[in-house]
Amino acid sequence: MATMKDVARLAGVSTSTVSHVINQDRFVSDAITQKVRQAIGELNYAPSALARSLKLNQTRTIGMLLTASSNPFYSEVVRGVERSCYERGYSLVLCNTEGDEDRLNRSLETLMQKRVDGLLILCTESHIPSAAILGRYPSVPSVMMDWAPFEGNSDVIQDNSLLGGELATQHLIARGYRRIACIAGPQDKSPARLRLDGFKLAMQRAGIAPLPGHIVYGDFEFAGGFNAMNSLLALPQIPQAVFTSNDAMAVGVYHALWQAGLRIPDDVAVVGYDDLELSRYLTPPLTTIHQPKLELGELAIDTLIHRMADPGLSQQTLILTPELMERASVGDVQA
């Protein structure tokens, strides 16, 4: 494999001149530039990204740890992150931890050893990154996405899940529903806890007490919503409406209601959370809480790059505001 020294020797110039031609960071005459480029072509020379990263002490690479699943939420967030990286001239290295603590920390160590410039983390809160590993790489900034406050110097970007849970429940109450159930997400995730808190708060303000058995728990996956809805349908009095804490579980709810021969919203109204792309293509289209996933990815990258440029900034927590998306899965209760 040809080296920069080989190019310089063939072109009859110094290695620094070859570097200036490749990086275009200093004026080189047209005649010399042409000789260098001709030598590069003859030798089929490719600059070493590793050598460049060692010289500049940056790799233009960002690492991301996430607990991915069948839930399309993760792929939509990653799409926003990847797009933002590309637009800003960075590469993204993605590691799926699959909710395993050992795999999380092994992937974390691998990313750090590959000298990523920054780190994004979107994982379950029951497994936190090793403080020992992070401590060995104090110069690598990190951003926690959609997480609870973290014991460390990471910036945090969150959806206002408490407000989102309130908006979803208030919408159902405003449409005349009173027998409202909630399918909450896994309580080791702060967004799931806060969405449930928002549901309870809106119900309390309206003077409505959830019926026994009308708060059930799922796992943020399709099957979790399906199973939770079936448990609600087994109650002596089924709900008029269901606030489902994410859209993936809402898909499972749709399937359970269809299987039971019930219609949405005539028999049971449904509200989701996340506003996944597929939510508008369900039958009927799903009323849901819009979580700005592309903006979440863009803001995470911008926050990380800003931190890399100014490591002395104080830790910050950024809150994204959810929005109700009204569609046809909620009707009006007739008096």
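What you are looking at is a predicted structure, and each value in this text was computed from that prediction instead of being measured.
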Contact between P191 and Y273 at the side-chain level, heavy atoms closer than 4.5 Å - yes or no? no

Which atom names give the shortest non-hydrogen contact between P138 and G135, and what distance separates them? CD-O, 3.4 Å

If you draw a 6.0 Å radius around CD in E295, do more than 12 non-hydrogen atoms from other residues or ligands fall strictly inside? yes

Checking T97 against L108 for the side chain to side chain contact (heavy atoms under 4.5 Å, CB included) test, could you report, in this order, the C-alpha distance in whole Å, the side-chain angles of both residues, the deciding distance, and whether it holds? CA-CA 9 Å; T97 71; L108 174 62; over 6 Å; no

Looking at CD of Q291 and CG of N160, how far apart are the two atoms once the value is rounded to the nearest 0.5 Å? 10.5 Å

With side chains defined as the heavy atoms from C-beta onward, is the minimum distance between Y254 and L282 less than 4.5 Å? yes

Nearest-0.5 Å distance, CE of residue M308 to CG of residue L313: 12.5 Å

Check whether L296 and L278 end up in the same hydrophobic cluster, where Ile, Leu, Val, Met, Phe, Trp and Tyr are linked by side-chain heavy atoms less than 4.5 Å apart. yes

D155 and M144: side chain to side chain contact (heavy atoms under 4.5 Å, CB included), yes or no, with the steps? CA-CA 6 Å; D155 295 314; M144 302 294 176; over 6 Å; no

Distance-only side-chain donor-acceptor flag, E42 / Q38, under 3.5 Å: yes

Any side-chain donor paired with an acceptor under 3.5 Å for R327 and S279? yes

Name the one of I301, L66, L65, L94 that satisfies side-chain contact (heavy atoms from CB on, under 4.5 Å) with L120? I301

Taking a hydrophobic cluster as the set of Ile, Leu, Val, Met, Phe, Trp and Tyr residues connected by side-chain heavy atoms closer than 4.5 Å, whether directly or through intermediates, do I289 and I215 fall within one such cluster? yes

Using a 4.5 Å cut-off on heavy atoms from C-beta on, say whether the side chain of S84 contacts that of Y86. no

L196 and C182: which non-hydrogen atoms are nearest, and at how many Å? CD1-SG, 3.9 Å

Any side-chain donor-acceptor pair under 3.5 Å between D30 and T33? no

So does T287 get a backbone contact from the side chain of S329, meaning a donor-acceptor N/O pair under 3.5 Å? yes

Only one of V253, V251, L172 passes side-chain contact (heavy atoms from CB on, under 4.5 Å) with V270; say which it is. V253

ILVMFWY cluster, L92 and I305 together (side-chain gap under 4.5 Å): yes

Is the shortest side-chain heavy-atom distance between H214 and M203 below 4.5 Å? no

Using a cut-off of 6.0 Å, state whether more than 12 heavy atoms not belonging to Q34 lie near its atom CD. no

Taking all non-hydrogen atoms of both residues, which atom of L232 and which atom of A181 are closest, and how far apart? CD1-CB, 3.9 Å

So which heavy atom on R175 is nearest to which on G331, and how close? NH1-O, 3.1 Å

R195 versus N246: any side-chain heavy-atom pair under 4.5 Å? yes

Closest heavy-atom pair, G218 versus I183, reported as atoms and distance to 0.1 Å, is N-CG2, 4.3 Å

Can you confirm whether M112 sits close enough to R136 that some side-chain heavy atom of one is under 4.5 Å from a side-chain heavy atom of the other? no

Whether D6 side chain and T3 backbone form a donor-acceptor pair below 3.5 Å: yes

Enter the distance from Q170:CD to L201:CG here, rounded to the nearest 0.5 Å. 8.0 Å

Result for side chain to side chain donor-acceptor pair (under 3.5 Å) between T288 and one of D247, D274, D275 points to D247

Can we say R263 and D266 salt-bridge, meaning some charged N sits less than 4.0 Å from an Asp/Glu carboxylate O? yes

Decide yes or no on side chain to side chain contact (heavy atoms under 4.5 Å, CB included) for H255 and F222, but give the supporting numbers first. CA-CA 9 Å; H255 187 60; F222 299 117; over 6 Å; no

Quick check for you: to the nearest 0.5 Å, what is the distance between E76 atom CD and R79 atom CZ? 5.5 Å

Short question: side chain of R280, backbone of P285 - any donor-acceptor pair under 3.5 Å? no

R103 side chain to N96 main-chain N or O, any donor-acceptor pair under 3.5 Å? yes

Exercise: identify the closest heavy-atom pair between N71 and A248: OD1-CB, 3.6 Å

Establish whether L262 and F226 are linked, either directly or via other cluster members, by ILVMFWY side-chain heavy-atom contacts under 4.5 Å. no

Are side-chain heavy atoms of C95 and T110 found at a separation under 4.5 Å? no

Before you tell me yes or no, could you show the steps for Y137 and Q113 under side chain to side chain contact (heavy atoms under 4.5 Å, CB included), namely the whole-Å CA-CA distance, both residues' side-chain angles and the distance that decides it to 0.1 Å? CA-CA 9 Å; Y137 305 91; Q113 289 176 357; 3.6 Å; yes

So do the side chains of V242 and M229 get within less than 4.5 Å of each other, counting heavy atoms only? yes

Quick one: which of R83, R88, K293 gives a salt bridge (Lys or Arg N to Asp or Glu O under 4.0 Å) with E298? R88

Checking the side chain of Q187 only, and the main-chain atoms of G185 only, is there a donor and an acceptor separated by less than 3.5 Å? yes

Drop me the distance from I133's CD1 to R106's CZ, to the nearest 0.5 angstrom. 11.0 Å

When you group the ILVMFWY residues by side-chain heavy-atom contacts below 4.5 Å and let the links chain together, are L43 and V18 in the same group? yes

Within this structure, what is the CD-CG distance for the pair E166 and L194, rounded to the nearest 0.5 Å? 10.5 Å

